[in-house]
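One structure is given below, encoded as structure tokens.
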2 protein chains.
Amino acid sequence: MLNKLENKDLKNIFLFSELSEEELNEIRSFSHLKKFDKGEILSFDSEPYSGFYCTLDGAVKLYKISSEGKEHILHIIYPYNTFAEVPIFENYGEVVKNNATYPLNAMAIEDNTVVIIIPARPLLNFLENNPKLYLKMLSTLSKRLRFLNNHIENLTLLDVKKRLSKYLLEKLKEAELNKENIEKKKGIKLKKINSIELSISKNDLSSHLGTILETLSRTFKKLQDEKIIEVDSKKITILDFQKLKEISK
Amino acid sequence: MLNKLENKDLKNIFLFSELSEEELNEIRSFSHLKKFDKGEILSFDSEPYSGFYCTLDGAVKLYKISSEGKEHILHIIYPYNTFAEVPIFENYGEVVKNNATYPLNAMAIEDNTVVIIIPARPLLNFLENNPKLYLKMLSTLSKRLRFLNNHIENLTLLDVKKRLSKYLLEKLKEAELNKENIEKKKGIKLKKINSIELSISKNDLSSHLGTILETLSRTFKKLQDEKIIEVDSKKITILDFQKLKEISK
DNA sequence: ATAGGGCTTTGACTTAAGTCAAAATTCAAT
DNA sequence: ATTGAATTTTGACTTAAGTCAAAGCCCTAT
């Protein structure tokens, strides 16, 4: 159980992955951990400085909510991924004024979700002395921009069936990459992956896909009736990869 | 008419606004201009290196298009705003490999649209020698992230009437800021702004708002019937600012 | 193993927004 | 000013997806 921040935790974060032990110590000196239970909101305001976050354990959803209570999840953040960088940089210089606003809301979606909080001011100082990190940061933000562009494409140009198909294919690809990593690391050969385990509730999934639970349920059923997938609670088996790919286009 | 790139053009670009004449000369030495007519596609592939762009005259739409030909416009780019930075940074180091893909398509939407093209490799070198620009670049990308987050919020949580209302209010605000700038610059007092001139076709506007021309037309009519706005071709007069604000929430 | 709460599915119905087609308006070039 | 093309509006109709309500399922803690 994660209770104290160690250098090895920081090393897993892309931005810090190439830092020396001393440098990691420095990062640690101005960062701190915080733990949340499922459903708890990560209230950005309560922190001394606005800064950015990284999930170390559990999962966090980043979402927008309308005046009528409708929710849309833009990102699900898993361990070692950072979020809430925007307010640090968008008006740099003004950031310490404590009135920064975060574009998104954040909520833990698993018990014992641990995040590390890295305050803006010391981080900006650190970056200035280690300009090589700027490119890493630019890379992270650029990847997120591409993700959001694709997300908008999905939401505006595809119907729910296509969006769900695309999501399933992405998760399958992730699982495959993960498998290959394990194979390489352990020097073993694992059997081909043809199923995925949904890591979030179907309600959260529907919110991420820009629809509602009932419509998602019906769309799963349609794909199952067409013998393209098999749904067993959270386990989705892909029966016809080609057809799924065809639909997602 | 813009035919030759001059330092004063570069100076208007946020990223380069604080550079010396020599530094601007350097930027100019590896950049070049290109001119497009309305409807022409800015084909990123045809350029020697992938790099980023800045509009100097006219306007460019950045859009996604589906396999069925449906289009969604994510950004309209006006003079001195940059675009297409993502492929430079997302996999930095690999960028020179010439196989970078741009997340969005780009098309000129006015005749005589002039863009400046800044190739990735020399730009990255320049940044390395002028690390202060990194923060400006991070600021630009962060602002774009916030914009896209808001855009997704609008598309997923608001209906067309709300989206249009919000758009009109934003444009009104822009016009007001513009007015204030002129007043400050010229030391004169202008009368209050209560109308805006649409700078893009209604078809493009509908695509940007995530709907279609017919629905946009009907939504304009609804707002007009409710005496909230008055539509005279491209000129939109706001008759009831409060109500418009109420609707947009 | 069983009760209870949280999730998920199903059914019947509504609605916002899309489609297709035709008419009307606006714009730009003579 | 006039004409033809491009843009925009209007009307009639369809449809994907949302709403509301009820039933069913399945964890998890006793």
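Just the heavy atoms: all of them, side chains too, but no hydrogens, waters or symmetry mates, feed the values below. Just so we're on the same page: letters track the sequence lines, and every chain starts at 1. Model, not experiment: these values are computed from the prediction.
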Spacing of A:Leu205 atom CG relative to C:dT9 atom C1', expressed in whole Å | 15 Å

Candidate list B:Leu155, B:Ile65, B:Leu209, test side chain to side chain contact (heavy atoms under 4.5 Å, CB included), partner B:His72, passing option | B:Leu155

Can you spot which of A:Arg144, A:Arg146, A:Lys143 makes a salt bridge (charged side-chain N to carboxylate O under 4.0 Å, His left out) with B:Glu90?
-> A:Arg146

Spacing of B:Lys235 atom NZ relative to D:dT7 atom P, expressed in whole Å | 23 Å

Are B:Tyr80 and B:Leu56 close enough, and set up right, to give a side chain to side chain contact (heavy atoms under 4.5 Å, CB included), and what steps lead you there?
-> CA-CA 5 Å; B:Tyr80 309 119; B:Leu56 293 182; 3.8 Å; yes

Are side-chain heavy atoms of B:Thr140 and B:Leu15 found at a separation under 4.5 Å?
-> no

Answer whether the closest heavy-atom distance between the side chains of B:Tyr102 and B:Leu42 falls below 4.5 Å.
-> no

Nearest whole angstrom, please: distance from the P of D:dA6 to the CG of B:Asp111.
-> 13 Å

Distance, rounded to the nearest Å, where A:Lys202 contributes NZ and C:dG6 contributes P = 19 Å

Treat primed atoms plus P, OP1 and OP2 as sugar-phosphate and everything else as base, then score nucleotides 15-21 of chain D 5' to 3': B for base contact with protein heavy atoms under 4.0 Å, S for sugar-phosphate contact only, - for none.
-> --SBBBB

Ranking C:dC7, D:dT8, C:dT9 by distance to the side chain of B:Leu213, first place goes to D:dT8

Enter the distance from A:Glu71:CD to A:Ser66:OG here, rounded to the nearest 0.5 Å.
-> 10.0 Å

Please identify each residue that fulfils salt bridge (charged side-chain N to carboxylate O under 4.0 Å, His left out) with B:Glu110, with sequence neighbours left out.
-> none

Can you check whether B:Leu141 reaches A:Ser142 side chain to side chain, under 4.5 Å on heavy atoms?
-> yes

So which one's nearest nucleotide on DNA chain D is more toward 5', B:Lys38 or B:Lys221?
-> B:Lys38

When every nucleotide of nucleotides 22-30 of chain C is labelled 5' to 3' by its protein contacts under 4.0 Å (heavy atoms), B for base, S for sugar-phosphate only, - for none, what sequence of letters results?
-> ----SS---

Distance, rounded to the nearest Å, where A:Leu216 contributes CG and C:dT9 contributes P | 7 Å

